[in-house]
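Both backbone and side-chain heavy atoms feed into the values below; hydrogens, waters and symmetry mates do not. Numbers restart at 1 for each chain; the letters A, B, ... are given by sequence-line order, proteins then strands. Computed from a predicted model, the values in this text were never measured in an experiment.
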Number of protein chains: 2
Amino acid sequence: MKKKLPTELSGIKEIARRANVSIATVDRVIHKRTGVSLKTRDKINKIISDLDYQPNLLARRLASRKTIRIATLIPKIGGESSFWEAPLRGIEQAESELRQMGIIIEKFFFDQEDSETFIKQSRLLLRHEPDGILIAPSFVDEAIEFTTTCKERHIPFVYINSDIPEQKSLCYIGPDLYRSGYLAGNLISYLVNDNQEILITNVTKELEDRHHLVRKEEGLRAYFADHKRNNVIRTIDVLQFDADSIESALSLQLNENKNIGVVFVTNSRVASVANYLKSFNHDVLLVGYDFLKENIEYLNEGVIDFLICQKPVEQAYRGVMSLYQHLVLSTTVEDIYLMPIDIITKENYAYYRN
Amino acid sequence: MKKKLPTELSGIKEIARRANVSIATVDRVIHKRTGVSLKTRDKINKIISDLDYQPNLLARRLASRKTIRIATLIPKIGGESSFWEAPLRGIEQAESELRQMGIIIEKFFFDQEDSETFIKQSRLLLRHEPDGILIAPSFVDEAIEFTTTCKERHIPFVYINSDIPEQKSLCYIGPDLYRSGYLAGNLISYLVNDNQEILITNVTKELEDRHHLVRKEEGLRAYFADHKRNNVIRTIDVLQFDADSIESALSLQLNENKNIGVVFVTNSRVASVANYLKSFNHDVLLVGYDFLKENIEYLNEGVIDFLICQKPVEQAYRGVMSLYQHLVLSTTVEDIYLMPIDIITKENYAYYRN
DNA sequence: ACAAGTTACGGTAACGTACACGGAAAACCA
DNA sequence: TGGTTTTCCGTGTACGTTACCGTAACTTGT
């Protein structure tokens with residue numbers, strides 16, 4: 001380590017010296033506050049760009065007496081899918097990194113099967129008057145209403161995991177659902193020959209948002225159409241998560257259509273399907289979504305062949321960080337950040353970072 | 001934004017108040033400096049742990065008059081493979097983030113085909129007396145000699161991209177070569193039927209480090225052995241990068257062995273092979289390594305089917321960050337960080353982040 | 001022309017930490 | 001006992017910013 005050279009005054013002080021004003025005045029123009037004549041403002045701005053001045057963020061956060069507060073609203077964990085554990089981890093990681101910066105995060109949760117809880121929690125959240133909001137808009141209509149009032153109050157918000165394009169505020173961070181289905185098509189096209197069939201399986205309750213699954217299905221079908229592969233592609237919906245419902249729905253299909261080569265499950269509920277295929281010893285390839293513990297187990301056993309995953313931890317982490325960048329650094333952030341579409345197999349899952 | 005509550009004095013000052021000493025004394029015990037009686041040292045330490053005091057890193061960096069310097073030593077870009085562009089970008093990204101923190105990075109480059117330049121540059125680097133070093137140990141013996149003197153001088157270093165386990169200092173960040181070959185085997189096993197053959201192709205000059213390629217080949221062969229698949233697997237070495245050399249080496253193989261179904265290129269030179277396959281209209285699947293511009297072009301054209309990639313940008317970024325964590329935050333860092341093994345196809349490359 | 005208001009700016013105490021300097025008390029030596 | 005060293009600790013300034021407070025100088029209204 002080396003002593004810093006007695007470098008010619010950097011920062012705001014040097015600007016002040018060159019402009020023959022006090023640092024307070026420089027501070028005013030930097031923060032676009034009033035109380036500076038046009039002439040000196042211009043002079044100072046010129047010096048700032050001449051010097052390519054970059055404010056020292058350390059000093060800035062240190063001196064600022066503000067605490068900025070970010071609120072998050074995502075589904076609560078528990079229930080039949082552990083998917084939202086990962087985004088929660090991402091939020092907590094961002095939290096621990098930002099605490100130093102004087103930023104606190106307040107977390108709110110709703111029940112994915114009950115839109116009322118979404119409304120309640122979003123109201124509660126607003127009462128805390130956060131400076132920025134991270135939100136997973138599982139219920140489209142309710143989310144639109146909520147973000148409308150956010151806009152009125154000029155509170156920036158970011159969507160994660162699924163987008164509502166018309167409502168965009170700061171940014172969207174999450175998967176490109178259509179492309180991820182398209183990729184699945186790409187992958188599956190290597191796995192089937194021309195006379196094998198593909199079974200698309202949507203495992204979802206009726207009241208959940210089906211938009212997700214539909215987009216993925218469209219993507220897959222588009223891939224086969226675009227590449228002139230004429231395999232039969234069937235779709236079934238399974239509306240309950242219990243083993244019996246899954247068994248009856250799938251066995252019907254698999255027994256009637258003996259040349260189904262690949263089953264594609266459009267969400268993270270693929271473990272239930274794997275459970276069925278395993279116990280009935282069906283020899284088909286299985287492709288699904290998301291790096292969940294239960295899915296990984298079946299991947300490891302060879303029942304699931306491929307999982308497609310889109311870094312749920314990072315989605316939330318980046319979401320919070322985008323708010324930070326916007327609120328603290330006032331950097332412009334990309335208004336849409338699409339996550340990579342990762343392919344996970346038995347042989348690389350151990351190295352995957354969510 | 002909310003005014004920070006007039007929170008009961010946090011930090012060093014509060015500790016000083018409770019211990020009835022000045023902040024300077026607290027500072028002494030925090031930094032384990034001499035000049036504090038055992039009694040007060042104990043008292044202060046107790047208060048510190050009672051309060052679960054976490055030093056404010058912002059203030060610390062701000063007040064510190066030290067500049068800490070990190071040196072990097074990687075192959076120079078240009079030449080026949082643009083692989084090292086990516087790690088350089090990672091270094092530069094870390095640099096821009098850390099500049100704020102009063103950290104400067106000095107970059108050194110060597111010629112991958114000339115070990116003398118490695119020795120020269122490493123000596124030059126040492127003369128700059130950096131506080132930490134990031135190094136790509138392309139030349140094993142020379143790297144060992146270099147890092148030995150690093151150890152003598154107590155300069156921490158991290159390896160990226162390839163490891164020399166016996167010499168570990170701070171950490172290694174890079175791929176698990178064997179597993180990445182194993183994954184290739186996994187992938188390829190889906191692409192061939194039992195009577196098709198696989199051609200492993202090493203495109204490399206003699207004096208380069210072959211260790212990389214061999215490990216990957218071992219991984220692939222191990223996968224097929226472990227899974228009792230008895231496909232014929234051939235290996236050829238191509239020692240020149242020009243189109244003619246590649247053509248003669250490959251055409252020999254492909255014409256003699258008509259049922260080669262997949263060509264696996266063990267490094268980023270896969271574009272050259274793709275070029276050959278394309279111009280001679282060979283209809284085999286092609287799997288290779290690394291997200292390079294030229295590779296992506298062939299991926300997009302459908303000549304390359306899969307690329308395996310291991311986040312070269314992030315490797316270097318994390319490497320620098322590990323040094324930062326160790327030198328500035330004195331956090332303990334994992335001594336080995338293996339990168340994910342990513343699978344890239346035509347349909348997901350656009351979303352890949354190196 | 002004078003009070004009142006407005007505009008444009010300077011001074012300065014924080015923020016939490018690092019560190020140089022210096023001084024009092026204790027310990028040692030003669 | 002007086003002097004010298006050593007041990008232990010406090011004071012003060014600095015790091016680059018923020019933001020409150022104060023105050024000239026200028027404008028406006030009557």
Side-chain angles (χ1 to χ4, degrees), chain A residues 1-44 48 51 53-68 99-103 328-330, chain B residues 1-44 48 51 53-68 99-103 328-330:
Chain A
M1 323 228 179
K2 183 164 139 190
K3 289 282 169 72
K4 219 180 251 176
L5 315 174
T7 163
E8 57 286 354
L9 290 239
S10 62
I12 212 175
K13 217 141 50 185
E14 170 67 3
I15 299 171
R17 196 182 60 77
R18 296 203 190 194
N20 259 321
V21 294
S22 77
I23 58 170
T25 304
V26 177
D27 186 62
R28 283 185 191 98
V29 353
I30 286 174
H31 291 284
K32 302 193 199 310
R33 282 192 277 258
T34 58
V36 184
S37 70
L38 189 64
K39 214 178 66 186
T40 55
R41 196 213 319 276
D42 285 349
K43 180 161 58 165
I44 290 174
I48 286 178
L51 252 48
Y53 162 76
Q54 298 290 98
N56 182 322
L57 299 179
L58 298 182
R60 173 168 288 183
R61 279 309 306 163
L62 188 60
S64 169
R65 287 131 169 82
K66 304 277 173 61
T67 291
I68 104 154
R99 206 184 343 254
Q100 290 283 351
M101 296 298 198
I103 287 156
V328 179
L329 311 181
S330 53
Chain B
M1 323 231 180
K2 182 163 137 191
K3 290 282 171 72
K4 219 180 249 176
L5 315 173
T7 164
E8 55 285 357
L9 291 240
S10 62
I12 212 173
K13 215 139 54 184
E14 171 66 4
I15 299 172
R17 196 184 61 76
R18 296 203 189 193
N20 258 324
V21 294
S22 74
I23 59 170
T25 304
V26 177
D27 184 65
R28 284 185 188 98
V29 352
I30 286 174
H31 290 284
K32 301 193 201 307
R33 280 192 277 260
T34 59
V36 184
S37 71
L38 189 64
K39 213 178 66 186
T40 56
R41 195 210 322 272
D42 284 348
K43 179 160 59 166
I44 291 174
I48 286 179
L51 251 48
Y53 163 76
Q54 297 291 99
N56 182 322
L57 298 178
L58 299 182
R60 176 168 283 184
R61 279 309 305 165
L62 186 61
S64 170
R65 288 134 166 79
K66 305 277 174 60
T67 290
I68 105 154
R99 206 183 348 251
Q100 292 282 352
M101 296 298 199
I103 288 158
V328 178
L329 311 181
S330 53

Nearest-Å distance, NE2 (His31(B)) to C1' (dA20(C))?
-> 14 Å
Is any side-chain nitrogen or oxygen of Ser37(B) closer than 4.0 Å to OP1 or OP2 of dC9(D)?
-> yes
Over all atoms of both residues, closest heavy-atom pair of Ile30(B) and Tyr53(B) | CD1-CE2, 3.7 Å
Rounded distance in Å - CG (Asp42(A)) to P (dC9(C)) = 12 Å
Flag the pair Ile68(A) / Arg61(A) as yes when at least one side-chain heavy-atom distance between them is below 4.5 Å, and no otherwise.
-> yes
Take the protein atom CD1 of Ile15(A) and the nucleotide atom P of dG10(C), then report the distance between them rounded to whole Å.
-> 14 Å
What one should report as the nearest heavy-atom pair of Arg41(B) and Arg33(B) is NH1-O, 4.4 Å
If you check every side-chain atom of Arg28(A), which of dG16(D), dT17(C), dC9(C) has the closest atom?
-> dC9(C)
Whole-Å distance, Ile12(A) CD1 to dC9(C) P, equals 15 Å
N/O (side chain, Thr25(B)) to phosphate O (OP1/OP2, dG10(D)) under 4.0 Å | yes
What nucleic acid atoms does Leu58(B) come within less than 4.0 Å of, heavy atoms only: base, sugar-phosphate, or nothing?
-> nothing
Should Lys13(B) be listed as having a side-chain N or O under 4.0 Å from OP1 or OP2 of dC15(C)?
-> yes
Can you spot which of Asp27(A), Val21(A), Ile23(A) makes a side-chain contact (heavy atoms from CB on, under 4.5 Å) with Thr25(A)?
-> Val21(A)
Give one of base, sugar-phosphate or nothing for Asp27(B), where a contact means two heavy atoms less than 4.0 Å apart.
-> base
In whole angstroms, how far is the C1' atom of dC9(C) from the CG atom of Leu38(A)?
-> 15 Å
Counting heavy atoms from C-beta on, name the nucleotide in dA14(C), dA18(C), dC19(C) closest to the side chain of Ala24(B).
-> dC19(C)
Looking across every strand, which nucleic acid part, if any, lies under 4.0 Å from Thr34(A) by heavy atom: base, sugar-phosphate, or nothing?
-> nothing
Could you tell me whether the phosphate oxygens of dA19(D), OP1 or OP2, come under 4.0 Å of any side-chain nitrogen or oxygen in Lys66(A)?
-> yes
Proximal nucleotide (of dG10(C), dC9(C), dT17(D)) relative to the Ser22(A) side chain = dG10(C)
When Thr34(B), Ile44(B), Val36(B), Thr40(B) are each screened for side-chain contact (heavy atoms from CB on, under 4.5 Å) with Arg28(B), the one that passes is Val36(B)
Val21(B) or Tyr53(A): which one's nearest nucleotide on DNA chain D is closer to the 5' end?
-> Val21(B)
Going by modelled atom types, is there a donor-acceptor pair between the base of dG16(C) and the side chain of Arg61(A) at under 3.5 Å?
-> no
Under 4.0 Å: is that the gap between some side-chain N or O of Arg60(B) and OP1 or OP2 of dA18(C)?
-> yes
Distance, rounded to the nearest Å, where Ile23(A) contributes CD1 and dC20(D) contributes P | 15 Å
Between dT18(D) (P) and Ile30(A) (CD1): distance, integer Å = 6 Å
Measure from CD on Glu14(A) to P on dC15(D) and round the result to the nearest Å.
-> 13 Å
Classify the nucleic acid contact of Arg33(B) as base, sugar-phosphate or nothing, counting any heavy atom under 4.0 Å across all strands shown.
-> sugar-phosphate
How close do Ser22(A) and Ala16(A) get, heavy atom to heavy atom, and via which atoms?
-> C-CB, 3.8 Å
Of the nucleotides dT17(C), dG16(D), dC9(D), which one has an atom closest to the side chain of Leu62(A)?
-> dG16(D)
Please tell me which of the listed nucleotides, dT17(C), dC19(C), dC15(D), lies nearest to the side chain of Asn56(B)?
-> dT17(C)
